Each structure stands twice: as C-alpha cells, then as structure tokens.
Colleague: 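Encoded as structure tokens, here's the structure I'll be asking about.
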Amino acid sequence: MAPVAPRSGDAIFANIERVNAELFTLTYGAIVRQLLTDLEEVEEVNKQLDQMGYNIGIRLVDEFLAKSNVSRCVDFRETTDVIAKVGFKMFLGVTASVTNWDAEGTCCSIVLEDNPLVDFVELPDTCQGLYYCNILSGVIRGALDMVSMKTEVTWLRDVLRGDDVFELQVKLLKQVPEEYPYKDDE
C-alpha cells in the first residue's frame, strides 16, 4: 500500500466538522469578558488566556496529527511552517505566514492577516494591556511542547492595538530529546 500523502490545510478544513464562526467568535468574547470580570487585572487575564491556550494546544496535537497525515518534522523551521500553513487553516480557517527568521533558525514570526477571534471586537481604554488573542500563543506553545520543543511565544503586533496585522514571535528555547519509558533491549 502506498504511503498516505500529507493533506493541505484547505483539504482538511473543507472536510472537518465546524462550528458557526459567529457563535465561536461571540463565545470566545464572552469567555474573555468573564475573565476580565472575575480576575479584574488585565495581566492576570493575559496569563489565564495563555494557560487555557496551552491546555488546548497539548490536546490539539493528537487531532492535528490524526487528521493531517503530516510526517515528523525535521526541525523547528519546518514545524513552524506546518503550524502556519496547515494548523491555522485546519482549526481557524486562516493561513498564516512565517517570517523574520534569526540567523540561528531559533526565532521567527507567525503573521496572521486575518483572525476570526477578533470579529466584532473593540477594546475599551481600560483594557489596553490586554492581549485579546493570547489564547493563540498558549495553543502554539502547548502544541510545540508536545512535540518536544520548549518555546516562548509573545505578541509583537496586534490589529486591536492599531497594527496592520497580527504577529506572534515564536522562540525555540530548548529541543527536548525524546525519552522512552522503557528500554527495548532488556
């Protein structure tokens, strides 16, 4: 039997069960609003959104690998490219681009032209320190953590703050060698 070819983000997005985009956007907005009410401090809301995203990211990897037929990525560069072109399309319906690589190949930017999470959103003056889409940085960090890449993900640009695009900086801190729970030779 011939090996199964990896599927593109468009092909996966076309066949995946989806929720109504407006319902998704409004539900996410309600979650952020409730966090602002409960936690009161914008920085605490940013931390909570990142942690929620991290928890989602560590679970999304399994679904991503099962549905995308993507083979093992050889390095950080290839991994971020797959996240941008396949992962974002598969789960959010948008394509991202990877730019601004450093000389060592350990730091880059993921740029989103469009972001469905921010439809209908305007930040009030009291929330200027809020990274409204911080859940995405947590998702990326959690997903990369599950494939043995410790990373730091931060927002560089945000349309809600007056920038022209959404830009996340992804920095590889450490590539963790895989450890197996037992030895085959014993």
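What you see below is based on every heavy atom in this structure, not just the backbone, and it leaves out hydrogens, waters and symmetry mates. The first residue in the sequence is number 1, and the count goes up from there. These figures come from a predicted structure and were not determined experimentally.
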Colleague: Starting at CD1 of I135, measure out to CD of Q48 and round the result to the nearest 0.5 Å.
Modeller: 9.5 Å
Colleague: Would you say the side-chain atoms of Y131 and D158 include a donor-acceptor pair closer than 3.5 Å?
Modeller: no
Colleague: Is any side-chain N of the basic residue among K47 and E43 closer than 4.0 Å to the acidic one's carboxylate O?
Modeller: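 Salt bridge between K47 and E43, a charged N being under 4.0 Å from a carboxylate O: no.
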Colleague: What distance do L60 atom CG and N55 atom CG have between them, rounded to the nearest 0.5 Å?
Modeller: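 Going from CG on L60 over to CG on N55, the span is 11.0 Å.
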Colleague: Could you state whether V170 and V111 fall into the same hydrophobic cluster, counting links through intermediate Ile, Leu, Val, Met, Phe, Trp or Tyr residues with side-chain heavy atoms under 4.5 angstrom apart?
Modeller: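 No.
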Colleague: Could you tell me the separation between the CD1 atom of I56 and the CD atom of Q51, rounded to the nearest 0.5 Å?
Modeller: 10.5 Å
Colleague: If you count heavy atoms of other groups shown closer than 6.0 angstrom to CD of Q128, is the number above 12?
Modeller: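 More than 12 within 6.0 Å, yes.
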Colleague: Taking atom CG of L92 and atom CG of L112, what is their separation to the nearest 0.5 Å?
Modeller: 8.0 Å
Colleague: Minimum heavy-atom separation for A96 to K85, with atom names?
Modeller: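 For A96 and K85, the tightest heavy-atom pair comes out as O-CG, 4.2 Å.
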Colleague: In terms of hydrophobic clusters joined by side-chain contacts under 4.5 Å, are L130 and I31 together?
Modeller: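 Yes, because L130 and I31 connect within a single hydrophobic cluster, where side-chain heavy atoms sit under 4.5 Å apart.
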Colleague: Establish whether M146 and L144 are linked, either directly or via other cluster members, by ILVMFWY side-chain heavy-atom contacts under 4.5 Å.
Modeller: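 Hydrophobic grouping puts M146 with L144.
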Colleague: With the 4.5 Å side-chain cut-off for hydrophobic clustering, are Y54 and L173 part of the same group?
Modeller: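 No, no single cluster joins them.
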Colleague: Quick one: does any side-chain atom of E78 pair with a main-chain N or O of V74 as donor and acceptor, under 3.5 Å?
Modeller: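 Yes, E78 side chain to V74 backbone: donor-acceptor pair under 3.5 Å.
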Colleague: Give the intermediate values and the outcome of side chain to side chain contact (heavy atoms under 4.5 Å, CB included) for residues D114 and F166.
Modeller: CA-CA 8 Å; D114 187 29; F166 294 93; over 6 Å; no
Colleague: With sequence neighbours left out, write down each residue that passes side chain to side chain donor-acceptor pair (under 3.5 Å) with T106, or none if nothing qualifies.
Modeller: D102
Colleague: How long is the gap from OG on S68 to CE on M90, to the nearest 0.5 Å?
Modeller: 6.0 Å
Colleague: Which residues pass the side-chain contact (heavy atoms from CB on, under 4.5 Å) test with N100, not counting sequence neighbours?
Modeller: S109, E167
Colleague: Would one find more than 12 heavy atoms of other residues, nucleotides or ligands at under 6.0 Å from atom CZ of R161?
Modeller: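 Yes, enclosed.
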Colleague: Which heavy atom of V153 sits nearest to which heavy atom of L168, and what is that distance?
Modeller: CG1-CD2, 3.8 Å
Colleague: List the atom of S137, the atom of N134, and the distance in Å for their closest heavy-atom pair.
Modeller: OG-O, 2.7 Å
Colleague: F88 and L65: same hydrophobic cluster, using ILVMFWY side-chain contacts below 4.5 Å?
Modeller: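 Same cluster: F88 reaches L65 through Ile, Leu, Val, Met, Phe, Trp or Tyr contacts under 4.5 Å.
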Colleague: Run the side-chain contact (heavy atoms from CB on, under 4.5 Å) test against E40 and tell me which residues pass, sequence neighbours left out.
Modeller: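 With sequence neighbours excluded, E40 shows a side-chain contact (heavy atoms from CB on, under 4.5 Å) to no residue whatsoever.
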Colleague: For the ring pair W155 and Y132, is the centre-to-centre distance below 6.0 Å?
Modeller: no
Colleague: Could you measure the distance from the OG1 atom of T126 to the CG atom of L36? Nearest 0.5 Å is fine.
Modeller: 7.5 Å
Colleague: Run the salt-bridge test on R77 and D81 with the 4.0 Å N-O cut-off and return the result as yes or no.
Modeller: no
Colleague: Give the intermediate values and the outcome of side chain to side chain contact (heavy atoms under 4.5 Å, CB included) for residues M149 and T79.
Modeller: CA-CA 10 Å; M149 294 182 185; T79 304; 3.3 Å; yes
